[in-house]
Number of protein chains: 2
Amino acid sequence: MVVLELSEQDVNRLFRALADATRRDIVRRTLVTDISVSQLADSYEMSFAAVQKHIAVLEEAHLVTKAARGRERMVRGNLVRIRQAQRLLDHFEELWRSRMERLDSLLAEGSPDSPDT
Amino acid sequence: MVVLELSEQDVNRLFRALADATRRDIVRRTLVTDISVSQLADSYEMSFAAVQKHIAVLEEAHLVTKAARGRERMVRGNLVRIRQAQRLLDHFEELWRSRMERLDSLLAEGSPDSPDT
DNA sequence: GTAATATACAATCAAATGGTTGTATTAGAG
DNA sequence: CTCTAATACAACCATTTGATTGTATATTAC
């Protein structure tokens, strides 16, 4: 089992890439179907180059990949990276759970001055 | 059941707030225990005001809340918002699943020229 | 081969971000 | 009451971001 090690930089890029509505839309659409760069560009009220840049940001975050097909570049969403993001959020949940457990044990022992010593 | 409606702006702020290592660390720590602004500020190699700003970003994203306790402001991580982020990512998963289902049905029918018509 | 389409990429620019220092306010300690 | 600790907030600055236009390259269509 691969212990996927995301660097802090990687995590920064990952969440940053998700922090834009256009980019989230591109990810959603390319998770469902491969779409060419120009097809994507046609859908948004901005220049071709702007959409290109958004795709580049997503690529650097590994949220999409591009594959040449003739003169087109087909963009495909990468679910693996989404799952890695989910894992990161799961970890936050676990931390919170640890707080609950501590509070629980305090309550169970009727708030002694130092539980577990 | 509350259909938590996050605006695109809200989602932008949420993921953007998570796209910084210091801020993620603050969220982690305040999910485990409430910590004052100055206690947090002491932990990082930057000015008090810089940490204050990071906390402000987290507050706007509703990832933490602040509560006055005397002259201190106790910062507490907000798990609800983390879960909302998880929900958003879950939705991406579902989209991907729809692609798989379509591919499955195509394979099952041996790639007819127009399945389902 | 030539024209049109799809993409890549550089230069530029305004706005947002992430940091700083300095000043003001508020609450607790002595 | 006075001093100090904790916070708030404004002003400033360098860098990054998100967008633009313009130019170059590659592939398909005719």
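Protein chains get the first letters and strands the later ones, always in sequence-line order, with residue 1 at the start of each.
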Inset, instruction - Indicate whether any N or O donor in one side chain lies under 3.5 Å from an N or O acceptor in the other, for Asp10(A) and Gln84(A). - result: no

Legend entry - Flag for Ser43(A)-Arg29(A): side-chain donor and acceptor within less than 3.5 Å: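 Yes - a donor-acceptor pair under 3.5 Å links their side chains.
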
Tell me: [atom1] of [X] to [atom2] of [N], nearest whole Å?
| X | N | atom1 | atom2 | value |
| --- | --- | --- | --- | --- |
| Gln39(B) | dA6(D) | CD | P | 9 Å |
| Ile26(B) | dG18(C) | CD1 | C1' | 13 Å |
| Met74(B) | dA27(C) | CE | P | 17 Å |
| Tyr44(B) | dG18(C) | OH | P | 15 Å |
| Asn12(A) | dT17(D) | CG | C1' | 15 Å |
| Asp20(A) | dT16(D) | CG | C1' | 14 Å |
| Lys66(A) | dA6(C) | NZ | P | 15 Å |
| Phe15(B) | dT17(D) | CZ | P | 18 Å |

Legend entry - Aromatic Trp96(A) / basic Arg28(B) pairing, under 6.0 angstrom, 45° off normal: no

Inset, instruction - Give a yes/no answer on whether the side chain of Ser36(B) brings an N or O atom under 4.0 Å of OP1 or OP2 in dA6(D). - result: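 No, no such contact exists.
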
Inset, instruction - Taking only the side-chain nitrogens and oxygens of Gln52(B), find out if one of them lies under 4.0 Å from OP1 or OP2 of dT7(D). - result: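 Negative; the distance criterion is not met.
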
Legend entry - Nearest atoms (heavy-atom pairs only) where Ala17(B) meets Arg23(B):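 Reported closest heavy-atom pair: O-NE, 2.9 Å.
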
Legend entry - Non-hydrogen atoms of Arg81(B) and His62(B) that approach each other most closely: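 Looking at all heavy atoms of both residues, the closest pair is CB-O, 3.3 Å.
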
Inset, instruction - Using a 4.5 Å cut-off on heavy atoms from C-beta on, say whether the side chain of Lys66(A) contacts that of Ile55(A). - result: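 They are in contact (side-chain heavy atoms under 4.5 Å apart), so the answer is yes.
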
Legend entry - Protein proximity profile, nucleotides 20-30 of chain D - base contact B, sugar-phosphate-only contact S, no contact -, cut-off 4.0 Å on heavy atoms: BB-----BB--

